[in-house]
Amino acid sequence: MTDTDVLVVGAGPVGLTLAAELRRHGVDCRIVDRLSDPQPHAKAIGIVPRTLEVWDTMGLVDRVLDEAVPHLGQIVYVDGKARPQVELTLPPEVPYPFATLPQCTTERLLTEHLARFGTEVERPVELQAVEVRPDAVQAVLAHLDGRTERLSARYVVGCDGAHSLVRKAAGLTFDGDALPELYMIGDVELDWELPAGYSMRSVNLDENGEMDDMLVCIPMGARRYWLSMLRPNNSQATPAAPDTGTGTGAGTTATAATTENSPTTSDDTTLGSGSGKGPDLGQVQAVLDRLAPEVTTASSLRWSSAFRTSHRLVDRYRNGRLFVAGDAAHINPPIGGQGLNTGVQDAHNLAWKLALVVRGLAEEDLLDTYHAERHPVAEEMVNRTVQHARNVRQVGSGPLNGGAQAEMMLWRQAQLLVSYPDSPLTAAQAENRASEAGPAAGHRAPDCRGLVSDLAAYPRRLFDLLRTPRHVLLLFAGPEHASGRDAEQLEACASAAQRAAHGLLDAYFITASDVPQDARPVGLRPSRVRDAAGEFRDAYAPQDGEAILIRPDGYVSGRFHPATPERVAEHLRHTFV
């Protein structure tokens with residue numbers, strides 16, 4: 001017997017996302033954090049479009065949109081001269097733009113979202129030891145009142161940052177290095193007249209073309225900015241770097257050495273404590289006087305810190321019953337706010353898989369696909385941001401300023417190109433498609449609008465249908481499959497898929513725009529929506545009679561043409577028992 005299905009360690013954005021998704025999938029979990037209260041600091045602020053899509057799937061995005069601000073682009077100066085302005089503009093079919101949101105606000109919204117499932121963050125509760133046994137994980141938790149609790153969980157997920165005890169207990173390596181530059185950050189208000197929604201980057205280069213002074217200002221609201229600056233001459237003491245923290249391995253016991261105020265992580269950076277004291281308002285103003293494009297005065301310093309940028313990547317995301325996510329698995333230079341967003345998507349990927357295994361609906365090896373899918377994503381992200389951090393000569397003149405390469409980089413920055421083409425779940429499908437257009441198995445399922453249902457006078461989005469913890473099967477019916485025996489075949493596919501998924505699947509007929517509105521499938525199930533605007537046709541390039549299966553995390557699991565009950569059910573058996 002276990003006390004809980006999953007213990008989540010760490011209540012930052014990653015841990016909160018994981019806990020909320022586990023609860024939405026019907027899994028019991030506890031989430032603990034060693035801090036008495038959430039930290040009231042901006043820290044990580046960049047939110048990419050793919051993360052907003054994830055939060056849409058979770059049912060959280062409306063609350064986020066109420067409090068986030070758009071990040072429209074960047075105004076660039078090199079040696080005081082304006083460079084081409086960078087625009088963060090995506091095509092209109094992408095539902096969400098780049099945005100900024102202080103991490104403290106992100107955590108508050110996620111905490112409130114989690115509370116709707118009846119789960120609260122337990123504070124201050126510190127994980128002190130982990131012992132992995134064949135059938136469960138025994139965890140020792142220290143409470144503020146001095147009480148020590150022994151907890152048994154089927155699985156433990158470390159969302160506990162760069163110094164993760166869970167990672168050490170799992171015996172995972174955390175290899176990497178620190179870059180030489182030392183930075184300061186501050187959360188201030190500025191009284192300048194720069195366009196709202198645009199960040200500003202100003203750098204000075206030395207005679208070798210290398211950056212020797214830098215200021216980045218990212219908007220967080222009316223006159224409120226997150227500032228990142230080089231520490232003058234890099235002369236102050238060096239903040240501590242992350243512990244690589246190789247532990248003793250699963251099956252043994254790992255114990256916290258101390259209850260220290262160890263360095264904390266800010267998105268993809270490591271912040272120093274003690275010797276890493278942040279700048280005061282006067283130091284921030286001095287940098288603005290040197291590098292701001294117009295005279296401005298800084299005020300209302302809410303928070304500041306200093307850090308050295310590090311990059312590290314765990315060798316495995318899982319060892320038995322122990323998992324890591326977010327900063328416990330990867331840290332990287334703060335380029336484009338990639339760290340927090342990658343961590344949130346780690347959690348989104350893991351949650352539905354844990355839920356199926358915990359509920360006995362999937363085999364244990366489904367959990368191996370978490371590492372197989374997410375480790376390559378983190379590896380690419382870390383390598384890319386390290387390369388950008390070192391490539392100072394291309395400041396303001398890189399490929400984001402136009403062309404096909406610029407568009408590709410923008411989509412990558414938005415994390416809309418994340419895909420799992422080599423995943424065991426993807427490789428299991430033997431596709432037989434006449435067309436290669438539209439998203440293939442393993443790729444992100446794009447949104448589309450203009451879907452009209454029989455019982456609503458307003459158009460719907462495809463994401464409205466995907467806002468569920470279940471798999472979703474889309475059955476495309478053109479004129480030949482909208483009625484009669486061909487429609488019966490599609491309906492049989494839906495029934496077979498629902499049986500193979502133990503009922504955890506929603507199925508929809510999507511009829512083409514040229515199918516008469518009064519055409520009906522043979523039976524009343526599955527539900528029907530009409531591609532009245534043709535946006536589903538444009539986004540997915542479906543063939544008449546094709547079935548498209550979408551996973552709970554919004555990725556295409558498989559495409560089947562011709563769709564038969566046997567093919568769809570066989571594919572689902574690679575996920576479900």
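All values below were derived from every heavy atom in this structure, side-chain atoms included, with hydrogens, water molecules and symmetry-related copies excluded.
- One N or O on the side chain of D33 and one on the backbone of A11 form a donor-acceptor pair closer than 3.5 Å.
- The pair K353-E21 fails the salt-bridge criterion, with no side-chain N (NZ, NE, NH1 or NH2) lying under 4.0 Å from an Asp/Glu carboxylate O.
- Looking only at atom types and distance, the side chain of T297 has no donor-acceptor partner in the side chain of Q285 under 3.5 Å away.
- Counting all heavy atoms, side chain and backbone alike, L90 lies closest to P49 at CD1-CG, 3.5 Å.
- For CZ of R290, the number of neighbouring non-hydrogen atoms (other residues, nucleotides, ligands) closer than 6.0 Å is greater than 12.
- Here the side chain of D206 pairs a donor or acceptor atom with the backbone of E210 at under 3.5 angstrom.
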Do Y420 and R374 pass the side chain to side chain donor-acceptor pair (under 3.5 Å) test, and can you show the C-alpha distance, the side-chain angles, and the key distance before you say yes or no? CA-CA 8 Å; Y420 312 125; R374 294 304 299 171; 2.9 Å; yes

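- With salt bridges taken as basic N to acidic carboxylate O contacts below 4.0 Å, one links R108 and E112.
- Using a 4.0 Å cut-off between charged side-chain N and carboxylate O, R467 and D56 make a salt bridge.
- For the pair R231 and Y183, the cation-pi test (distance below 6.0 Å, angle within 45°) is failed.
- A donor-acceptor contact shorter than 3.5 Å links the side chain of H371 to the backbone of Y317.
- A salt bridge links D187 to R224: at least one charged side-chain nitrogen sits closer than 4.0 Å to a carboxylate oxygen.
- The salt bridge (Lys or Arg N to Asp or Glu O under 4.0 Å) test applied to E93 returns no partner, not counting sequence neighbours.
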List the steps, then state whether side chain to side chain contact (heavy atoms under 4.5 Å, CB included) holds for Y155 with V137. CA-CA 6 Å; Y155 300 97; V137 180; 6.0 Å; no

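- The aromatic rings of F117 and H113 lie perpendicular to each other, with more than 60° between the two planes, well past the 30° mark.
- For D346 and H330, the side-chain atoms include at least one donor-acceptor pair closer than 3.5 Å.
- Between the side chain of Q345 and the main chain of N341, a donor-acceptor pair closer than 3.5 Å is present.
- For the pair R223 (side chain) and W192 (backbone), a donor-acceptor distance under 3.5 Å is present.
- Side chain of D79 to backbone of L205: a donor-acceptor contact under 3.5 angstrom is found.
- When all heavy atoms of T119 and C29 are compared, the pair lying nearest together is CG2-O, 4.2 Å.
- The closest donor-acceptor contact from the side chain of T51 to the backbone of I47 lies at 3.5 Å or more, if one exists at all.
- Salt bridge annotation for R34-E122: absent, with no cationic side-chain nitrogen under 4.0 angstrom from a carboxylate oxygen.
- No donor-acceptor contact under 3.5 angstrom links the side chains of H41 and Q103, judged on distance only.
- For the pair R167 (side chain) and A162 (backbone), a donor-acceptor distance under 3.5 Å is present.
- At distances below 3.5 Å, not a single donor-acceptor pair connects side-chain atoms of R83 with backbone N or O atoms of Y77.
- N332 places no side-chain N or O within donor-acceptor distance of the main-chain N or O of H311, the cut-off being under 3.5 Å.
- Geometrically, R444 does not engage F463 in a cation-pi contact defined by less than 6.0 Å to the ring centre and at most 45° from the axis.
- Across L52 and V61, no two heavy atoms sit closer than the pair O-CG2, 3.6 Å.
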